[in-house]
Each structure stands twice: as structure tokens, then as C-alpha cells.
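Worksheet: one structure, shown below.
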Amino acid sequence: MLRALLLESLHPVATTVLNAHGIDVTRRSGALDEDELIDALQGVHVLGIRSKTEVTARVLDNAPDLVVVGTFSIGTNQIDLAHAAHRGVAVFNAPFSNTRSVVELTLAEIIALTRRLTERDKALHDGVWDKSAEGAHEVRGRTLGIVGYGNIGTQLSVVAEALGLRVVFYDTAEKLALGNAVRMSSLDELLEVADIVTLHVDGRPGNAGMFGAEQFARMRPGSVFLNLSRGFLVDYGALRERVLSGHIVGAAVDVFPEEPKNAGDAFDSELRHLPNVILTPHIGGSTEEAQQDIGLFVSAKLRDYVDYGTTSLSVNVPSLILDRPREGGHRIAHLHRNVPGVLAGVNQALSKVGVNVESQVLGTWGDIGYVATDVDAPVPAEAVAELEAMDPTIRVRVLEATASR
Ligand SMILES: NC(=O)c1ccc[n+]([C@@H]2O[C@H](COP(=O)([O-])OP(=O)(O)OC[C@H]3O[C@@H](n4cnc5c(N)ncnc54)[C@H](O)[C@@H]3O)[C@@H](O)[C@H]2O)c1
């Protein structure tokens, strides 16, 4: 029986989807450290995590049964993706499920910072009637600078314009400007015109420390800053200096370089207790709607990969959009190093035992290749052994379609 381990309190719908497919599921609420994870992965084929569990090369080298990892989040930099591919472990994520949730929190915070809402709220809870218009503004007519115009950046652009914000954006890739948004040719150009700067770039290693003292100095006096993307992109010490000097009049931060692993853990940051600074514990994408959508999306990806080998939207192996094999059919899913002659080797091994190929799809991505071969008869053990013994082979799985699935 296939076994799955789901960590970090994933939405129950993930268990429902996997159980319905005959996969035995163990759930745990927190993340595990490297040694704990290695122990827990013995005999486990499917791993589900969020952003706190690190799937390192050492974990992958010591989890021989693992076939697939699903990260129930957008980011994947907690997983050694290249090493996973070379160990025959496909990885899937949820690139779109919580986009709207992040956009809504970003907009809520832009208004809250511009009205100094959390300060007024705190004063009243402390028993002080602090009615004043000083430092409170409308967002209408202000310029929003979006850094990173991807899934979140573009949706934010559209909804922000409906509030009357002027939108400018900067992205390192060519991006179509939506609505009336204006593309800036550099980050510096954006920083010179934006009243509100919000980061929505991805967490590729090259982005580490991309926003520091120099960028904060270039921001307009009286502007506000938000980061709901990744903590290691920003020098928060530099942000603290600029908030204390009054150059930046408000900030909202949802992500940190070091984040506690479990709910209830202690937290510290140089940004605590600063005026008009909203700190949230990485909840940009955490709504019940997003969690349910992520749970459904990723667990379906895991189920379909285990079941019939489809890799559509995988983040580390070639994407093959495969139909379920015909009922009673047999599919050989072969992950390999992308070198010449693999297809010939696969077909030779099959023809030797008299197995006829019904259809075959090959995809390659960098140094990884993936070929799905549908055949007209059960695959004899000697053919499987020959495929496994081929030098470029990473993993061979023989998948059988049954009426129940
Ligand atoms: N706070 C949360 O809970 C939460 C939830 C979801 C996503 N996120 C984070 O939000 C970020 C954006 O997510 P997305 O789905 O929009 O990603 P995406 O990949 O769709 O978009 C990222 C964009 O940033 C651009 N980019 C990369 N490096 C850049 C740079 N140095 N300068 C300018 N542009 C750059 C890319 O070209 C791309 O268009 C990610 O870092 C993700 O991890 C956070």
C-alpha cells in the first residue's frame, strides 16, 4: 500500500483526496528537522509540506521510497529541486491558489498604513481617544510601485486601479502591462515615482538582499514599503533605520529571513515596536479559501502522478500532460538523465520480450528526461530489470489502469 506523510497542518481535503485513492495518510501538525524527517520518511512514497520543512539533498538521499513531494504553497526554495529530480522524486506546488488572498491582504495593508489605522486602533484599545487627520491620507491618486509583475503583482495591479491608485511596475522579465499600469525600465526609476512600494518577486537565490539601504534611500520621503514575498530579499535593519528617521512612514512585513517553525513559537525582529509598522506571521496566502484550494490542487497533482504519471506543472521534471491509460492498459514511466539513446534503449528492452508500444511521449528539461510508454500487455519482470539497469535510468515505475481509479 502507498503511504503519504502530510506535515504542517495541511487542509483536511488533502487527506480526503489521497485516502479516496487508497493511499494511507499520516498527518502531523508541525514541521520536522532534517533527522526527524529522514526517520519519518522510511516507507513513505508521498510527502506533503508547506514552507517550513526543508527537503535537503541529505533527506532525499535517505528516503529511498519517496516518489513525489507536494509543497502546499507557491514557493519551492525549501526543496533541493535539482537533487530531487536526480533521485527520481517529482515535485509539485500550487502556483495560483492563494494569489487572491495575498492581493487582498496587500491592499488592506496599503489602506491601513496610509490611514495609520493600526496606531489609532491601538490607542483606542489603550483607552486614548486620538482623533486626528494628521498623517492620514486617501490612497486614491497615489502611485503604487509593484516590484515583480507575476501572478500576484498583475492581479494586485488590476484591483489597485479600481481603488484609484496609479500603478507602475518593474519586472526583470518582459511583461504585458495590464489596464493603465506603466512599466518602469529599472527598479530605481520605480523607486523615484512610487508613494507605495510593494515587493512580489520570486525567491530565486539571486534575489537575496535585493532590497537594502541603497533602495530604501532612493524611495520617496514619506513613502510606505511592503514585503509579502520572501524574507531574505530585504535588509530589515536598513528598513528600521529609515522608519526611525521618518523617511519611510509605514511598512507592512509578512515574511522574515528566519521564521519560527510552529504556531505559538517565540518571534523576534528588529522591526518590532516601530511606529506604523504592521507585522504579520506569513499569513499573506493563509485564508480558508486558499487553503482549501491549495489542498485540492496539490493533492490531485500527487494522486495523478502516483496513479498515471502525469507531470503537468511539475517544478523539477519535464512536464508531460498525460491522459489516464485506457482501462486495463499498462504504462511505463521512465525518468532518466537526458543523454542520447535512452528512447532506443527503452524500446529495445520492450521489443526483446515481445511487448508492443501503443503510444509514447518524451519530454526533456535540462539534464532530466521523462518518457511515458503505453504498452499492450503486462510488462515482464526481465524487461523492468533491463530498464532499471540502463545507465541513464533514474527511476522506472510500471503503472496499471484499473476501473476503480
Ligand atoms: N506571504 C505569503 O503568504 C505568500 C503567499 C504566496 C506567495 N508569496 C510569495 O510572493 C511572491 C510572488 O509570487 P507570484 O506567484 O506572483 O510569483 P511569480 O513567479 O508569478 O512572479 C514573480 C515575478 O517576479 C519577477 N522577478 C523576479 N526577480 C525579480 C527582480 N529581481 N526584479 C523584478 N522582478 C523580478 C519575475 O519575472 C516574475 O514575473 C513569491 O516570492 C512567493 O513566494 C507569499
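Whatever order the structure lists ligands and atoms in, that order sets their numbers, starting from 1.
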message = Taking side-chain hydrogen bond (donor to acceptor under 3.5 Å, both in side chains) as the criterion, tell me which of Arg204, Arg230, Glu54 meets it with Asn77.
response = Arg230
Return a yes/no value for [X]: is any of its N or O atoms, backbone included, closer than 3.5 angstrom to an N or O of ligand 1?
{"X": "Val255", "answer": "no"}
{"X": "Leu228", "answer": "yes"}
{"X": "Ile74", "answer": "no"}
{"X": "Ile283", "answer": "no"}

For ligand 1, is any non-hydrogen atom under 4.0 Å from [X]'s backbone (N, CA, C, O), its side chain (CB onward), both, or neither?
{"X": "Phe96", "answer": "neither"}
{"X": "Ile152", "answer": "both"}
{"X": "Asn98", "answer": "side chain"}
{"X": "Asp254", "answer": "side chain"}
{"X": "Asn207", "answer": "side chain"}

key: Pair Tyr170 + Tyr149: ring centers closer than 6.0 Å   = no
Where is the nearest protein heavy atom to [atom]: which residue, which atom, and how far?
{"atom": "atom 3 (O) of ligand 1", "answer": "Gly285 N, 2.9 Å"}
{"atom": "atom 33 (C) of ligand 1", "answer": "Thr172 N, 3.5 Å"}
{"atom": "atom 21 (O) of ligand 1", "answer": "Gly150 CA, 3.2 Å"}
{"atom": "atom 11 (C) of ligand 1", "answer": "Val201 O, 3.2 Å"}
{"atom": "atom 23 (C) of ligand 1", "answer": "Asp171 OD2, 3.7 Å"}

ask   = Taking the six-membered ring for Trp, are Tyr370 and Tyr305 parallel (under 30°), tilted (30 to 60°) or perpendicular (over 60°)?
value = tilted
key: Whether Phe96 and Phe297 hold their rings parallel, tilted or perpendicular, with breakpoints at 30° and 60°   = perpendicular
Show which atoms of ligand 1 fall inside a sub-4.0 Å distance from at least one heavy-atom site of [X].
{"X": "Val102", "result": "4 (C), 5 (C), 6 (C)"}
{"X": "His282", "result": "1 (N), 2 (C), 3 (O)"}
{"X": "Arg230", "result": "41 (O), 43 (O)"}

request  = Check the pair Ser269, Phe256 against side-chain contact (heavy atoms from CB on, under 4.5 Å), reporting the backbone distance first and the verdict last.
outcome  = CA-CA 8 Å; Ser269 161; Phe256 303 87; 4.2 Å; yes
Quiz item: cation-pi between Arg272 and Phe267, 6.0 Å / 45° =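 Judged by the rule (NZ or CZ under 6.0 Å from the ring centre, within 45° of its axis), Arg272 is not positioned above Phe267.
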inquiry  = Can you confirm whether the side chains of Arg27 and Thr15 place a donor and an acceptor under 3.5 Å from each other?
reply    =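 Short answer, yes.
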Distance, nearest 0.5 Å, that separates CD of Glu109 from CG of Asp254 =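 Reported value, rounded in 0.5 Å steps: 6.5 Å.
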